[in-house]
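Nothing here was measured: the structure is a model prediction, and the numbers come from that model. For the numbers below, each heavy atom of this structure counts, side chains included, while hydrogens, waters and symmetry mates do not. A note on names: the letters A, B, ... follow the listed sequences, proteins ahead of strands, and every chain is numbered from 1.
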Amino acid sequence: DQQVKQNSPSLSVQEGRISILNCDYTNSMFDYFLWYKKYPAEGPTFLISISSIKDKNEDGRFTVFLNKSAKHLSLHIVPSQPGDSAVYFCAAMRIYSGAGSYQLTFGKGTKLSVIP
Amino acid sequence: DTGVSQDPRHKITKRGQNVTFRCDPISEHNRLYWYRQTLGQGPEFLTYFQNEAQLEKSRLLSDRFSAERPKGSFSTLEIQRTEQGDSAMYLCASREDYLAGTYEQYFGPGTRLTVT
């Protein structure tokens, strides 16, 4: 049962335009969400996170939006650059003590290609 | 500090052999995680340590798998009697204590295991 879903396996965007990557989750117990970027043969690199008490978090060109009622989050990259080409993973966790807490549950990833 | 390191980066072994991987977390990160990633999937949680205590194990971690963190610093993951289905990228991540107000996990480069 996939608790975190990234339904778009791939996305192509022109350089300078906005990239929007989407993620849906089914477990209402998740209360912290993260986006990771991964290049081939490397480990995931943390990009940005958001707590369930917020609906938006910004860091430079990256903004994450959270819609709790829809169990949906998105990552916006503006402007997109060729160096952003990578696989992007959405991840979720519970931040309370107890079984299953703090472990990350990942989606399958979306491969972003930014075309110069 | 240069981040989470893992050794070896690549391991090729024959079916039935035992293998051991090492992870050195970011210094002063008392929480350490192991994940496994197969082709086309996101990383999947295997096990979690707080200092030297192994607090959680996934059902993915069969009895052929064992992990240790004897002094609360580096960790090892051993797979006994390897099978072809064990071929995957094994990722280690570490995190500061939750009291610091951060929940992000920082990943190492991974160990790519190929079982022939």
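Heavy-atom distances place no part of B/Gln6 under 4.5 Å from chain A, backbone and side chain included. No part of A/Ala91 comes within reach of chain B, as not one of its non-hydrogen atoms sits under 4.5 angstrom from that chain. For A/Lys38, the part lying near chain B is the side chain, with the backbone staying farther off; criterion is any non-hydrogen pair under 4.5 Å.
The nearest pair of heavy atoms linking B/Phe107 to A/Pro44 is CB-O, 3.4 Å.
Heavy-atom pairs under 4.5 Å with chain A were tallied for B/Ser58, B/Pro43, B/Cys92; the largest tally goes to B/Pro43.
Between the side chain of B/Tyr33 and the main chain of A/Leu104, no donor-acceptor pair closer than 3.5 Å is present.
When the shell of 6.0 Å around CD of B/Glu28 is examined, it contains 12 or fewer heavy atoms from other residues, nucleotides or ligands. Summarising the local packing, CZ of A/Arg17 is surrounded by 12 or fewer heavy atoms from other residues, nucleotides or ligands at distances under 6.0 Å.
The CD atom of A/Glu42 sits 7.5 Å away from atom CZ of B/Arg9, with the distance rounded to the nearest 0.5 Å.
A side chain to side chain contact (heavy atoms under 4.5 Å, CB included) with A/Gln103 holds for exactly one of B/Glu44, B/Gln105, B/Glu56; it is B/Glu56. Each of A/Phe33, A/Tyr32, A/Phe30 was evaluated against B/Tyr103; a single residue qualifies, A/Tyr32, per the ring-ring contact (aromatic ring centres under 6.0 Å, His included) test.
A donor-acceptor contact closer than 3.5 angstrom is absent between the side chains of B/Glu104 and A/Tyr36.
Linking ILVMFWY residues whenever their side-chain heavy atoms come closer than 4.5 Å, directly or via other members, places A/Phe46 and A/Phe106 in the same cluster. There is a path of hydrophobic side-chain contacts, each under 4.5 Å, that joins B/Val19 to B/Leu77. There is a path of hydrophobic side-chain contacts, each under 4.5 Å, that joins A/Leu66 to A/Phe62. Both B/Ile79 and B/Leu60 are assigned to one and the same hydrophobic cluster, defined by single-linkage of ILVMFWY side chains at heavy-atom distances under 4.5 Å. Under the 4.5 Å side-chain contact rule for hydrophobic residues, A/Leu34 and B/Ile26 share a cluster.
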